[in-house]
Every structure is written in C-alpha cells, then in structure tokens.
Amino acid sequence: WMCAYFTGKHSAERDNRRVVLYVSMISLFSAVILGLAYSMVVICRYLTVMIDTFCCDIVGKRQLQDVSYVWNLTQAVLRKASVSIEMCLLTLCIIVAITVPLLLFDVGVLGSRQAPI
C-alpha cells in the first residue's frame, strides 16, 4: 500500500496510467494477503478436523489400548504445524496493525483532496 501510494505521489503525470498502476499494485497486494489469510484458515481447519477425527475414533472403537500413542502422535503433528504457521500468523497481525492506521490516514488526510483522475 505504501509502495502504491508513494509511486502515485511521486509520479509527475496525472493520467490514466497512474490510476491503473495504483489500482494494480493495491490489487496485487490484496490478493497476496487474501491468499495468505485463506491458507491460514485452511490449515487451521485441517488441524481441527484432525482432533475431531481422533475423538470420533476413540468414541467409535471404545478401545483405550492405543489411545496414548495416537494422542501423542496427534499432539506432535499439531505442535509441528503450529510452529510452522506461527510466522504466517504474526505476519498477518503485523499487516493488519500497519494497514488500519494507513487506511485512516488515507481517508482522513488524503481523502479531503480531490483525486487526480
């Protein structure tokens, strides 16, 4: 967003190419963020399904012989997956924390000016 803003800000030309560049950069950035968020949702959903499957297997079989081994294996997979997606979640949180003030700045300060189209 900042890159798109500064590209448009330092551009001397005030024509349709600038608007197309600005919109394409915002669209590309938004698509990357949406893809990242969607992948987080899918991964978390599969982790939840894994726990649900474990619980249904325990209730359905009613055998407590291999429960501790299967639960330890499930926990190990959950830990490994959570460590792997931790940075992705942190990145999304940082992006949201930066984007909201930039959006308010854009609407408040720059929104009072007329758009050069």
Side-chain angles (χ1 to χ4, degrees):
W1 188 349
M2 291 171 51
C3 183
Y5 170 73
F6 287 120
T7 301
K9 187 74 175 170
H10 294 305
S11 176
E13 300 175 340
R14 305 251 183 213
D15 57 29
N16 289 336
R17 286 185 292 178
R18 178 175 165 237
V19 173
V20 169
L21 177 66
Y22 184 79
V23 170
S24 64
M25 291 181 77
I26 293 291
S27 299
L28 179 66
F29 180 73
S30 298
V32 168
I33 298 303
L34 283 174
L36 188 63
Y38 180 72
S39 67
M40 287 290 298
V41 168
V42 169
I43 291 170
C44 291
R45 175 68 184 138
Y46 285 134
L47 295 176
T48 305
V49 167
M50 195 165 86
I51 293 175
D52 290 343
T53 303
F54 170 78
C55 293
C56 290
D57 284 346
I58 295 302
V59 171
K61 291 180 183 175
R62 296 184 185 188
Q63 295 177 357
L64 300 178
Q65 300 157 349
D66 298 329
V67 172
S68 63
Y69 172 74
V70 174
W71 178 245
N72 288 336
L73 187 64
T74 304
Q75 276 187 325
V77 171
L78 290 173
R79 279 193 201 109
K80 184 72 172 173
S82 66
V83 167
S84 298
I85 63 173
E86 183 178 19
M87 289 304 291
C88 183
L89 185 61
L90 179 67
T91 303
L92 283 175
C93 290
I94 289 172
I95 288 171
V96 168
I98 291 173
T99 303
V100 170
L102 285 175
L103 177 67
L104 294 175
F105 176 76
D106 194 17
V107 169
V109 174
L110 302 176
S112 61
R113 301 179 192 162
Q114 282 187 338
I117 296 179

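Contact check for Thr74 versus Val70: side-chain heavy atoms found under the 4.5 Å cut-off. With contacts defined as side-chain heavy-atom distances shorter than 4.5 Å, the pair Ile51/Leu47 does not qualify.
Other residues sharing the hydrophobic cluster of Val42, ordered by chain and number and joined by side-chain separations under 4.5 Å: Tyr38, Tyr46. If you chain together ILVMFWY residues whose side-chain heavy atoms come under 4.5 Å of each other, Val49 ends up in a group of its own. Hydrophobic side-chain contacts under 4.5 Å tie Val59 to no other Ile, Leu, Val, Met, Phe, Trp or Tyr residue.
Atom CD1 of Ile43 sits about 6.5 Å away from atom SG of Cys88, to the nearest 0.5 Å. In this structure, CG on Leu89 lies 9.5 Å from CG on Leu36, to the nearest 0.5 angstrom. The OG1 atom of Thr99 sits 11.0 Å away from the CD1 atom of Ile94 when rounded to the nearest 0.5 Å. Separating the OG1 atom in Thr91 from the CD atom in Glu86 is a distance of 10.5 Å, to the nearest 0.5 Å.
Between Ile95 and Phe29, the closest heavy-atom pair is CG2-CZ, 4.3 Å.
Cluster membership for Ile58 and Tyr69, using ILVMFWY side-chain heavy atoms within less than 4.5 angstrom, is shared. Under the 4.5 Å side-chain heavy-atom criterion for Ile, Leu, Val, Met, Phe, Trp and Tyr, Leu28 and Leu92 are members of distinct hydrophobic clusters.
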Carefully, step by step, assess Ile85 and Ser39 under the rule side-chain contact (heavy atoms from CB on, under 4.5 Å). CA-CA 10 Å; Ile85 63 173; Ser39 67; over 6 Å; no
